[in-house]
**Q** 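I'd like to ask you about the structure that follows.
Every chain is numbered from 1 and lettered A, B, ... according to where its sequence line falls, protein lines coming before strand lines. None of the values given here were measured: they were computed from a predicted structure.
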Amino acid sequence: MKAIVDCNSFYAACERVFCPSLHGKPVVVLSNNDGCIVSRTDEAKALGIQMAGPYFQSKELIQKNNVRVFSSNYHLYGDMSKRVMETLRMLTPSIEVYSVDEAFIDLDGIDEKNLFNYAHYIKHTTELWTGIPVSIGIGATKVLCKVANKLAKKNKKKTGGVIILQTIEEQMEALINTPVEDIWGIGNAHARKLRMFNINNAWELRNMNEGWVQKNLGGITGVRLVKELKGMNCMDMKEPLISKKMIATTRMFGKPILELKELKEAVATYISRAAEKLRRQNGVAGSLIVFVVKRGESNFNISYEPSTQSAYINLSIATDATNVLIAQAMLLVEKLYTTERKYIKAGVVLGNIQPNYTVQYNLFESRENNKERKLMKIIDNINFGIEADIVKFASAGTKRNWKMRQEMRSKRFTTKWEELFIVK
DNA sequence: TCTGGGGTCCTAGGACCC
DNA sequence: TCTGGGGTCCTAGGACCC
């Protein structure tokens with residue numbers, strides 16, 4: 001058997017740890033730039049505030065009901081996530097961190113009669129040590145774990161936050177109570193399709209034949225999903241993901257910009273971020289994509305939808321040097337830039353990532369990289385150790401009018417000395 | 001006027017190779 | 001007039017996840 005441990009309303013829960021008066025009160029957390037709602041407590045859900053909905057649409061509801069609103073504070077959430085995962089690691093033999101707020105646990109070797117007590121022990125200890133409430137779903141496969149977890153979360157009072165699917169009867173009941181759009185791996189497009197075929201819950205999907213699924217549900221991915229619903233393991237526990245295959249940094253701007261100079265500054269800054277991430281995993285990137293998004297506008301009787309343009313380059317030598325990547329990116333920005341409309345967003349994606357010891361040099365390029373590598377190391381040490389961005393490239397700008405809005409961010413209680421939590 | 005950011009996996013089709 | 005069979009690699013795009 002396996003389990004998934006999933007933090008309840010994770011971002012909002014992190015805020016509550018450092019502001020206990022918010023327990024029992026509605027809280028929401030916003031995405032970058034205060035654009036969307038990305039985390040809601042149960043009290044906020046009960047008010048009808050939509051997940052992933054634009055903030056401005058719920059603003060009235062939020063103000064009327066005195067909902068506490070936070071901008072996202074990724075320093076805090078990242079650190080709290082680490083604490084949760086460390087706790088699970090100490091309590092269980094093997095975990096796979098699936099996302100910032102979820103981990104699968106391998107329960108092979110645990111006596112099935114003890115699963116219930118074991119799950120409650122994990123739940124209780126995690127909550128005690130970190131202050132973050134969790135729900136646990138247990139089943140034979142990852143997909144069944146997710147089914148169990150979803151139901152456990154939906155019905156915390158009745159289930160105590162833990163559901164175990166052991167017998168076929170338990171599985172059947174759970175699957176019947178899971179509408180197709182709630183199945184892990186079924187998104188909007190497939191859900192609509194399934195409904196069209198009058199397949200409405202997970203049990204009905206489970207009983208479809210393989211040929212049909214193969215043809216209508218994304219090929220092999222769909223077949224695996226249905227097998228997992230039947231209790232046949234098709235998704236292994238994964239080794240911890242050490243190196244990413246692509247690294248992206250993209251942001252909306254705080255306000256739309258028109259100037260090429262500002263656009264370049266933003267892109268140079270994103271490259272700096274992405275290259276730091278790249279170096280942290282000891283990787284080098286072989287390709288680079290820059291994209292920019294123009295604002296939608298209506299002038300007189302012409303209207304434009306927001307539109308994205310992108311350009312990419314394959315680097316002759318894979319690199320992790322910020323300055324090299326910035327230089328290439330600037331050329332791409334110049335290629336993309338026009339003055340016709342304002343820009344609201346830009347991003348960079350580093351691809352073709354390889355470990356840095358495999359770099360393929362070529363005849364026509366010198367090996368100056370050593371010098372660069374030393375420089376990058378020094379810059380990274382200063383920025384990681386003292387304060388982010390204390391040393392940066394001039395092309396990344398100093399005024400940064402385009403920086404995102406984060407008007408309601410809490411303090412970085414656990415990662416910045418100047419912002420430590422104060423107990424009176 | 002206002003709608004985030006960062007990922008993964010799979011497939012189809014084209015280019016190219018022997 | 002006639003023109004094989006079997007691969008690999010790359011890219012773009014779709015779908016999905018949190």
**Q** If you draw a 6.0 Å radius around CD in A/Glu173, do more than 12 non-hydrogen atoms from other residues or ligands fall strictly inside?
**A**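 Not more than 12 within 6.0 Å, no.
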**Q** Just checking A/Thr249: base, sugar-phosphate only, or nothing, at a heavy-atom cut-off of under 4.0 Å?
**A**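 Touches sugar-phosphate only.
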**Q** Roughly how many Å apart are C/dG4 and B/dC17, using the C1' atom of each and rounding to a whole number?
**A**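 B/dC17 and C/dG4 have their C1' atoms separated by 14 Å.
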**Q** Taking Watson-Crick and G-U wobble pairs with both distances under 3.5 Å, convert DNA chain B into its dot-bracket string, 5' to 3', dots for unpaired and | for cross-strand pairs.
**A** ....||||||||||||||
**Q** What is the nucleic acid contact for A/Asn352, judged by heavy atoms within less than 4.0 Å: base, sugar-phosphate only, or nothing?
**A**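 The answer is nothing, as A/Asn352 stays clear of every strand by at least 4.0 Å.
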**Q** In whole angstrom, give the distance that lies between atom CD1 of A/Ile4 and atom P of C/dC18.
**A**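 That distance rounds to 8 Å.
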**Q** Measure from CD on A/Glu102 to P on B/dG6 and round the result to the nearest Å.
**A**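 Whole-Å distance recorded here is 19 Å.
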**Q** When the distance from CD1 of A/Ile289 to C1' of B/dG6 is rounded to whole Å, what number comes out?
**A**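 Value for this atom pair: 14 Å.
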**Q** Closer than 4.0 angstrom, basic N to acidic O: yes or no for A/Glu276 and A/Arg273?
**A**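 A salt bridge is present here (some side-chain N lies under 4.0 Å from a carboxylate O).
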**Q** Quick test: give all pairs of protein nitrogen or oxygen and nucleotides 1-4 of chain B nitrogen or oxygen below 3.5 Å, distance rounded to 0.1 Å.
**A**
from  : atom 1 : to      : atom 2 : distance (Å)
B/dG4 : O4'    : A/Ser31 : OG     : 2.8

**Q** Decide, yes or no, whether a salt bridge links A/Lys261 with A/Glu265 under the criterion of side-chain N to carboxylate O below 4.0 Å.
**A**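 Counted as a salt bridge, because a side-chain N and a carboxylate O are separated by less than 4.0 Å.
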**Q** Rounded to whole Å, please give me the gap between NZ in A/Lys244 and C1' in B/dG6.
**A**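 The distance from NZ of A/Lys244 to C1' of B/dG6 comes to 8 Å, rounded to the nearest Å.
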**Q** Can you tell me how the ring of A/Phe413 sits relative to the ring of A/Phe421, calling it parallel under 30°, perpendicular over 60° and tilted otherwise?
**A**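 The rings of A/Phe413 and A/Phe421 stand perpendicular, inter-plane angle above 60°.
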**Q** So which protein N/O to nucleotides 12-15 of chain C N/O distances come out below 3.5 Å?
**A**
from   : atom 1 : to       : atom 2 : distance (Å)
C/dA15 : O3'    : A/His190 : NE2    : 3.4

**Q** Which residues in residues 197-225 of chain A have a heavy atom closer than 4.0 Å to any atom of DNA chain B?
**A**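 DNA chain B contact set from residues 197-225 of chain A: A/Ile220, A/Thr221, A/Arg224.
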**Q** Side chain to side chain contact (heavy atoms under 4.5 Å, CB included) between A/Lys227 and A/Lys230: does it pass, once the steps are laid out?
**A** CA-CA 5 Å; A/Lys227 282 188 170 164; A/Lys230 289 180 177 159; 5.6 Å; no
**Q** Considering the options A/Lys2, A/Lys142, A/Arg89, which one meets the salt bridge (charged side-chain N to carboxylate O under 4.0 Å, His left out) requirement together with A/Glu96?
**A**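 Filter result, single survivor: A/Lys142.
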**Q** Does the side chain of A/Ile37 come within less than 4.5 Å of A/Leu30's, by heavy atoms?
**A**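 Result yes, sub-4.5 Å side-chain heavy-atom pair found.
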**Q** Rounding to an integer number of Å, can you tell me how far A/Glu276 CD sits from B/dG6 P?
**A**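 Between P of B/dG6 and CD of A/Glu276: 13 Å.
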**Q** If we ignore angles and hydrogens, is there a donor and acceptor under 3.5 Å between the side chains of A/Thr415 and A/Asp79?
**A**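 Side chains of A/Thr415 and A/Asp79: no pair found under 3.5 Å.
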**Q** Using whole Å, what does the distance between atom P of nucleotide C/dC17 and atom CD of A/Glu228 come to?
**A**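 Computing the A/Glu228:CD to C/dC17:P distance gives 14 Å.
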**Q** Please confirm whether the shortest side-chain N or O distance from A/Asn314 to OP1 or OP2 of C/dC10 is below 4.0 Å.
**A**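 Result: no.
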**Q** Is there a donor-acceptor pair under 3.5 Å between the side chain of A/Glu262 and the backbone N or O of A/Ile257?
**A**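 Not at all, since once roles are kept as given, no pair shorter than 3.5 Å links the two residues.
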**Q** Is the closest basic N to carboxylate O distance between A/Lys264 and A/Glu334 below 4.0 Å?
**A**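 Answer for the salt bridge query: yes.
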**Q** Cut-off 3.5 Å, no hydrogens considered: what does the side-chain donor-acceptor table look like for residues 43-64 of chain A, sequence neighbours left out?
**A**
from    : atom 1 : to      : atom 2 : distance (Å)
A/Glu43 : OE1    : A/Arg16 : NH2    : 2.9
A/Glu43 : OE1    : A/Thr41 : OG1    : 3.0

**Q** To the nearest Å, give me how far apart CG (A/Asp6) and P (C/dC18) are.
**A**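 Rounding to the nearest Å, CG of A/Asp6 and P of C/dC18 are 8 Å apart.
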**Q** Counting the atoms with a prime plus P, OP1 and OP2 as sugar-phosphate, which does A/Lys146 contact under 4.0 Å by heavy atoms, base, sugar-phosphate, or nothing?
**A**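 Since only primed, P, OP1 and OP2 atoms lie under 4.0 Å of A/Lys146, the category is sugar-phosphate.
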**Q** Among residues at least two apart in sequence or on other chains, which ones pass ring pair (Phe, Tyr, Trp, His ring centres under 6.0 Å) with A/Trp212?
**A**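 Scan of A/Trp212 (ring pair (Phe, Tyr, Trp, His ring centres under 6.0 Å), adjacent residues dropped) gives A/Phe197.
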**Q** Does C/dC18 have OP1 or OP2 sitting under 4.0 Å from an N or O in the side chain of A/Lys150?
**A**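 Result: no.
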**Q** Regarding A/Lys154 and A/Asp182, does a basic nitrogen lie under 4.0 Å from an acidic carboxylate oxygen?
**A**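 Yes, A/Lys154 and A/Asp182 are salt-bridged.
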**Q** May I have the distance from A/Glu181 (atom CD) to C/dC16 (atom C1'), rounded to whole angstrom?
**A**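 These atoms are roughly 15 Å apart.
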**Q** Answer yes if the side chains of A/Asn198 and A/Asn200 hold a donor-acceptor pair under 3.5 Å, and no otherwise.
**A**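 Yes, side-chain donor-acceptor contact under 3.5 Å.
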